[in-house]
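Source: prediction; values computed, not measured. The sequence lines fix the lettering, A, B, ..., with proteins before strands; numbering per chain opens at 1.
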Amino acid sequence: VNRRIFGLETEYGVVVVPQKGHDAGEQVPTVEQAVKLMFEATPNAFRTTNHFLPNGGRLYVDIGSHPEYASAECDHLGDLVANDRAGDHMVQNLANIANTRLTERGVGAGIHIMRNNADSFGNTFGCHENYSAARDIDFEKYLRTLTALLVTRPILTGCGDVVTEPDGTARFVVSSRSEHIATTASADPTKNRPLVNTKDEPHADRSRWRRLHVISGDSSMIETTTALKVGWTALVLDLIENGGSIDDLVPQDPIAAMRIVNRDIRGRATFFTEGGRAMGAVDVQREILERVLNRVEPGDTRSTWVLDLVTRSLDAIAAEDLGPVSTELDWVLVWHLLQRHRERTGADWSDPRLARLILSFHDLSARTGLRDRLHAAGAASTFCTSEELEAARTTAPATTRARVRGEFLGWAAQHRFRATADWGHVRLDKPTRSQIDLPDPFVNHSDEVQALFEELS
Amino acid sequence: MPAPAVATQGLDSILDDISDILETDALTFVQSYSQTGGQ
């Protein structure tokens with residue numbers, strides 16, 4: 001297993017709706033106003049909308065008034081899941097404070113935060129994955145090969161959704177995001193949305209590293225799906241970087257294949273690969289799994305967990321018995337929720353209550369969302385302990401550069417120093433000191449930062 | 001270690017718990033969701 005930095009960037013959707021007792025003539029705040037109110041609640045004297053945090057992550061407002069959280073650089077799946085969940089906690093906490101302020105001001109409206117991939121009007125946003133890669137790889141070949149994984153991966157890592165076909169028929173799909181992917185690689189992701197955004201921003205020494213920026217994945221709600229998405233992709237990257245090949249499994253028409261994969265929960269619907277074979281999503285994933293298994297070294301716990309879940313998931317999907325993985329995969333749990341609701345109510349797939357149920361699955365609120373309820377009922381698996389989740393809200397991962405940045409920002413706040421940070425550097429602005437560059441994301445200490453601590457503590 | 005399958009009973013309990021949310025103005029809520037600007 002190659003040591004690798006990975007991280008997640010989650011764009012959150014915001015819904016503002018009238019509450020009970022809302023005056024019909026009263027204006028409901030816009031999304032822009034709601035997000036502004038949320039970020040007024042951030043504990044930062046300068047009231048900016050861009051915060052690097054002591055837990056190593058970054059909380060900010062992106063184009064279109066998206067609250068966005070970028071996790072710290074991680075090299076362990078447990079750290080990643082916990083740090084990612086910390087972002088959910090922070091954003092929902094801001095919404096809770098903003099909602100209290102709305103109530104205090106007598107505004108009959110509520111703000112809901114959605115960790116999902118599409119609004120009700122066809123706009124899409126994402127949960128972007130970042131993986132470090134060596135600068136000297138053949139990046140074009142790397143991307144082409146990776147297409148085999150990314151086109152078929154949603155059968156494992158999709159979040160489940162209901163879409164309306166051009167003929168007006170509503171149907172279940174395994175991935176929300178897959179519907180919006182238009183090309184395999186692009187540096188212009190808002191106009192021509194790709195599997196991989198090819199912008200070259202390594203946030204590290206560019207002579208040594210690239211950053212693989214996968215933007216085709218769904219926003220995962222269940223911790224095990226998040227861990228599977230990143231852990232499985234990292235293992236396949238290891239395979240490719242270590243000389244393995246899955247070129248023959250690349251679909252001849254990747255985008256058409258992605259739509260085919262998305263519409264078949266059995267994972268059997270076929271498309272033609274570059275190797276000339278008619279294969280379904282489960283076939284392709286199984287072949288990738290076999291090639292990874294042939295190369296992975298025994299005893300690596302991260303690999304063992306990931307490979308076990310991939311194996312069990314493919315077995316369950318192929319057997320059309322989803323029960324064994326129903327608490328671990330987002331789309332399978334959503335499928336069960338929707339089917340159960342349909343059985344109880346007779347609702348058809350176009351019923352708005354199903355769309356509302358899906359939004360509840362993605363709603364981060366403890367009051368109106370499902371995550372806490374699913375955990376309490378044992379219907380959603382966890383990957384981290386509650387102690388790990390709580391610690392990740394304030395403490396950066398210990399084994400990467402994030403630790404240096406997190407400790408620096410925590411120290412500066414404690415001493416009421418004015419400080420700034422970015423992925424690749426930290427700087428003390430008041431009192432003024434020179435910028436300290438942190439070009440290596442794998443290094444978890446800095447002599448220069450330690451010297452600063454000793455000088456000013 | 002495989003995780004246990006989701007229990008229908010557990011889902012029923014959750015669906016009961018949020019029935020007000022699903023039955024009250026579901027369409028209004030869904031149609032209120034407009035979020036532009038993402039990647």
**Request:** Test salt bridge (charged side-chain N to carboxylate O under 4.0 Å, His left out) on B:D16 and A:R344 and set out the steps.
**Result:** CA-CA 10 Å; B:D16 288 341; A:R344 286 160 51 110; 2.5 Å; yes
**Item:** Largest heavy-atom contact set with chain B, pairs under 4.5 Å, which of A:G64, A:A377, A:S120
**Value:** A:S120
**Item:** Segment of B:S32 engaging chain A (4.5 angstrom heavy-atom cut-off)
**Value:** both
**Partner of A:V35 by side chain to side chain contact (heavy atoms under 4.5 Å, CB included), out of A:I111, A:I113, A:V61, A:V16** = A:V61
**Item:** Best-contacting candidate, B:L27, B:T28, B:V30, against chain A by heavy atom pairs under 4.5 angstrom
**Value:** B:V30
**Message:** Under a 3.5 Å distance rule, please check whether B:Q35 uses its side chain to pair with a backbone N or O of A:V14 as donor and acceptor.
**Reply:** yes
**Request:** Go through A:V28, A:V31, A:N116 and name the one with the most non-hydrogen pairs under 4.5 angstrom from chain B.
**Result:** A:N116
**Fill in**
Closest non-hydrogen contact found for A:Q339 with A:W349 is OE1-CZ2, 3.7 Å
**Item:** Heavy-atom proximity to chain B below 4.5 Å, by part of A:R177
**Value:** side chain
**Message:** Under a 3.5 Å distance rule, please check whether A:E223 uses its side chain to pair with a backbone N or O of A:C384 as donor and acceptor.
**Reply:** yes
**Asked** Does any heavy atom of chain B fall under 4.5 Å from the side chain of A:L357, the backbone, both, or neither of them?
**Response** both
**Part of A:I63 lying under 4.5 Å from any heavy atom of chain B** = both
**Prompt:** Hey, does A:S313 have a side-chain heavy atom less than 4.5 Å from the side chain of A:L329?
**Reply:** yes
**Complete:** Paired with A:L156, the side chain to side chain contact (heavy atoms under 4.5 Å, CB included) test is passed by just one of A:L228, A:V325, A:D330, namely A:L228
**Request:** Check the pair A:Y12 / A:H66 against ring pair (Phe, Tyr, Trp, His ring centres under 6.0 Å), numbers first and verdict last.
**Result:** CA-CA 6 Å; A:Y12 297 92; A:H66 278 283; 9.2 Å; no
**Request:** Identify which of A:N123, A:N197, A:I215, A:L370 forms the greatest number of heavy-atom pairs closer than 4.5 Å to chain B.
**Result:** A:N123
**Asked** Can any side-chain N or O of A:E11 pair as donor or acceptor with the backbone N or O of A:G126 at less than 3.5 Å?
**Response** yes
**Asked** Measuring heavy-atom distances to chain B, does A:H112 have an atom under 4.5 Å in its side chain, in its backbone, in both, or in neither?
**Response** side chain
**Prompt:** Are A:E9 and A:R211 close enough for a salt bridge, meaning some N to O gap below 4.0 Å?
**Reply:** yes
**Message:** Heavy-atom cut-off 4.5 Å, strictly under: side chain, backbone, both or neither for B:L22 against chain A?
**Reply:** both
**Asked** Which residues in residues 185-195 of chain A have a heavy atom less than 4.5 Å from any heavy atom of chain B?
**Response** A:P189, A:T190, A:R193
**Message:** Donor-acceptor pair, distance only, cut-off 3.5 Å: does the side chain of A:D321 make one with the backbone of A:A316?
**Reply:** no
**Complete:** Turns out that what part of A:A376 lies under 4.5 Å from chain B's heavy atoms comes down to neither
**Message:** If I measure from the heavy atoms of chain B, does A:S360 come under 4.5 Å with its side chain, its backbone, both, or neither?
**Reply:** side chain
**Request:** Nearest 0.5 Å please: distance from the CD atom of B:E23 over to the CZ atom of A:R353.
**Result:** 4.5 Å
